[in-house]
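Counting convention: from 1, in listed order, for ligands and their atoms alike. Just so you know, these numbers come straight off a predicted model, no measurement behind them.
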Amino acid sequence: MARIIDGKQISEDIKTEIAIKVKELLDKGLRAPHLAVVIAGDDGAALSYVSSIEKQCKGVGFISSVYHLSANTTEEEFLATIDFINQDDEIDGYIIQMPLPKQVSIDKVTAHVSPAKDMDCFHPENMGNLLLGKECYLPATPHGVIELLKRSDIETSGKNCVIVGRSNIVGKPLAMLMLQKSVNATVTVCHSRTENLPQVCRRADILIVAIGQPEMITAEYVKEGATVFDVGVHRIEDATQPKGYRLCGDVKFDEVSKICDAITPVPGGTGAMTTACLLQNTLTARMKKL
Ligand code: NDP
């Protein structure tokens, strides 16, 4: 059985480190870091993520604000909310929660976000800095995977890393991070048109999966002794569970954990790290103002 990479514990360690820094600020009579979230509409998963962010902000001593607009909000109103937050000196950083209502253009929204307050690396300037290996706020989910690698002592230098998924929020930025000289992996990025996907995945020493396909990655895709990071998260109907559902990832955990060396579970793996990394970015933004 593979070693379980405990994202929940590692995220708790990061939050403890953050809470200590916040206490130091407060002890000096300084303001706590302040993270805001902009959300429109009533998507259940999005609302529950936002309320988890609020709870975790409270847990580390942060101030949090939620700007909750209606699903019918106009693009003008949405952009005006972002402008308002950009100008509020007491807000250190914010994220825009997806999904956006269809009348609100994602391109206009990302262009409006202030790069200095862009806690999830949405703005093209921050994405460009990420590509160039320059300092920027790292996107939370990919950053979470990197932190897990580092804090679990997994060797990355010269290793073959295969990333399945090329989205702008996970696959592509993760590929950039894995290529950086502090990580030094040899990176292959796959997507829905990749031929012989199982064969390509079996080359991976480190396999990272972010495809949004429940339990698609079976043992056939995994080399014996590989390290597997599962970014996917799904709620699957399951009548045997008290709640009538269970959570799973993009990887078939029971099968893959028998042949790989280390693996992240769902829940309690990469997902647990996202908010911790968001809080870490917000603390950095606050510290920059001192
Ligand atoms: P997207 O839907 O934006 O991207 C999915 C990617 O996977 C695309 O590049 C797509 O290829 C590729 N893909 C889809 N099906 C296949 C297939 N059968 N074979 C090979 N490649 C495939 O997803 P996201 O990146 O936003 O999210 C991926 C997963 O991660 C989801 O389950 C999501 O819920 C989860 N997630 C978790 C987060 C967290 O834990 N905090 C945060 C963000 C996401 P193509 O480009 O060709 O269409």
Ignoring hydrogens and angles, tell me if any N or O in the side chain of Arg202 forms a donor-acceptor pair with the backbone of Glu220 under 3.5 Å.
yes

How far is atom 20 (C) of ligand 1 from the closest protein heavy atom, and which atom is that?
His191 O, 3.2 Å

What protein heavy atom is closest to atom 44 (C) of ligand 1, reported as residue, atom name and distance in Å?
Val170 CG2, 4.0 Å

Donor-acceptor pair, distance only, cut-off 3.5 Å: does the side chain of Asn86 make one with the backbone of His112?
yes

Those atoms of ligand 1 less than 4.0 Å from some heavy atom in Gly165:
6 (C), 7 (O), 9 (O)

Between Thr194 (side chain only) and Leu197 (backbone N and O only), is there a donor and an acceptor less than 3.5 Å apart?
no

For Gly232, counting its heavy atoms only, list the atoms of ligand 1 lying under 4.0 Å from any of them.
29 (C), 30 (O), 32 (O), 35 (C)

Could you tell me which atoms of ligand 1, counted from 1 in the order shown, lie closer than 4.0 angstrom to a heavy atom of Leu197?
19 (N), 20 (C)

Is any NZ, NE, NH1 or NH2 atom of the basic residue among Arg246 and Asp238 found under 4.0 Å from an Asp or Glu carboxylate oxygen of the other?
yes

Within 4.0 Å of atom 27 (O) of ligand 1 (strictly less), any protein heavy atom?
no

For atom 18 (N) of ligand 1, what's the nearest protein heavy atom and its distance?
Met216 SD, 3.4 Å

Return a yes/no value for Ser167: is any of its N or O atoms, backbone included, closer than 3.5 angstrom to an N or O of ligand 1?
yes

Taking only heavy atoms of Gly271 into account, list the atoms of ligand 1 that are under 4.0 Å away from them.
40 (O)

Between Tyr67 and Tyr94, is any pair of side-chain heavy atoms under 4.5 Å apart?
no

For His234, the ligand 1 atoms with a heavy-atom partner under 4.0 Å come out as 32 (O)

Per-residue contact class, Ile169 against ligand 1 - non-hydrogen pairs under 4.0 Å:
side chain

I'd like to know if Asp27 and Lys23 make a salt bridge, using a cut-off of under 4.0 Å between side-chain N and carboxylate O.
yes

Among non-hydrogen protein atoms, atom 41 (N) of ligand 1 lies closest to Thr274 OG1, 2.7 Å

Protein heavy atom at shortest distance from atom 15 (N) of ligand 1
Gln213 NE2, 3.1 Å

Exercise check, heavy-atom protein proximity under 4.0 Å to atom 2 (O) of ligand 1:
no

Tell me: protein heavy atom nearest atom 46 (O) of ligand 1, and distance?
Arg166 NE, 2.7 Å

With distance as the sole test, does Thr110 use its side chain to make a donor-acceptor pair with the main-chain N or O of Asp107 at under 3.5 Å?
yes

Spell out, as yes or no, whether a donor-acceptor pair under 3.5 Å connects the side chain of Ser51 to the backbone of Ser48.
yes

Shortest protein contact, atom 47 (O) of ligand 1 (heavy atom only):
Ser192 OG, 2.5 Å

So for Gly171, does at least one of its heavy atoms come nearer than 4.0 angstrom to any atom of ligand 1?
no

Any donor-acceptor pair under 3.5 Å linking the side chain of Lys15 with the backbone of Gln56?
no

Under 3.5 Å donor-acceptor, Thr264 side chain and Asp230 backbone
yes

Donor-acceptor pair, Arg286 side chain versus Arg31 backbone, under 3.5 Å?
yes

Those atoms of ligand 1 less than 4.0 Å from some heavy atom in Val231:
30 (O), 35 (C), 36 (N), 37 (C), 40 (O)

For the side chain of Glu215 and the backbone of Phe253, is there at least one donor-acceptor N/O pair under 3.5 Å apart?
no

Heavy-atom nearest neighbour in the protein, as seen from atom 42 (C) of ligand 1, with distance rounded to 0.1 Å:
Thr141 OG1, 3.3 Å

Quick check: does Arg193 get an N/O under 3.5 Å from an N/O on ligand 1?
no

Taking only heavy atoms of Gly212 into account, list the atoms of ligand 1 that are under 4.0 Å away from them.
28 (C), 29 (C), 31 (C), 32 (O)

If we count only N and O atoms by modelled type, under 3.5 Å, do the side chains of Asp83 and Gln87 hold a donor and an acceptor together?
no

If you take the nearest heavy atom of each of Val233, Ile211, Thr194, which one is closest to atom 5 (C) of ligand 1?
Ile211

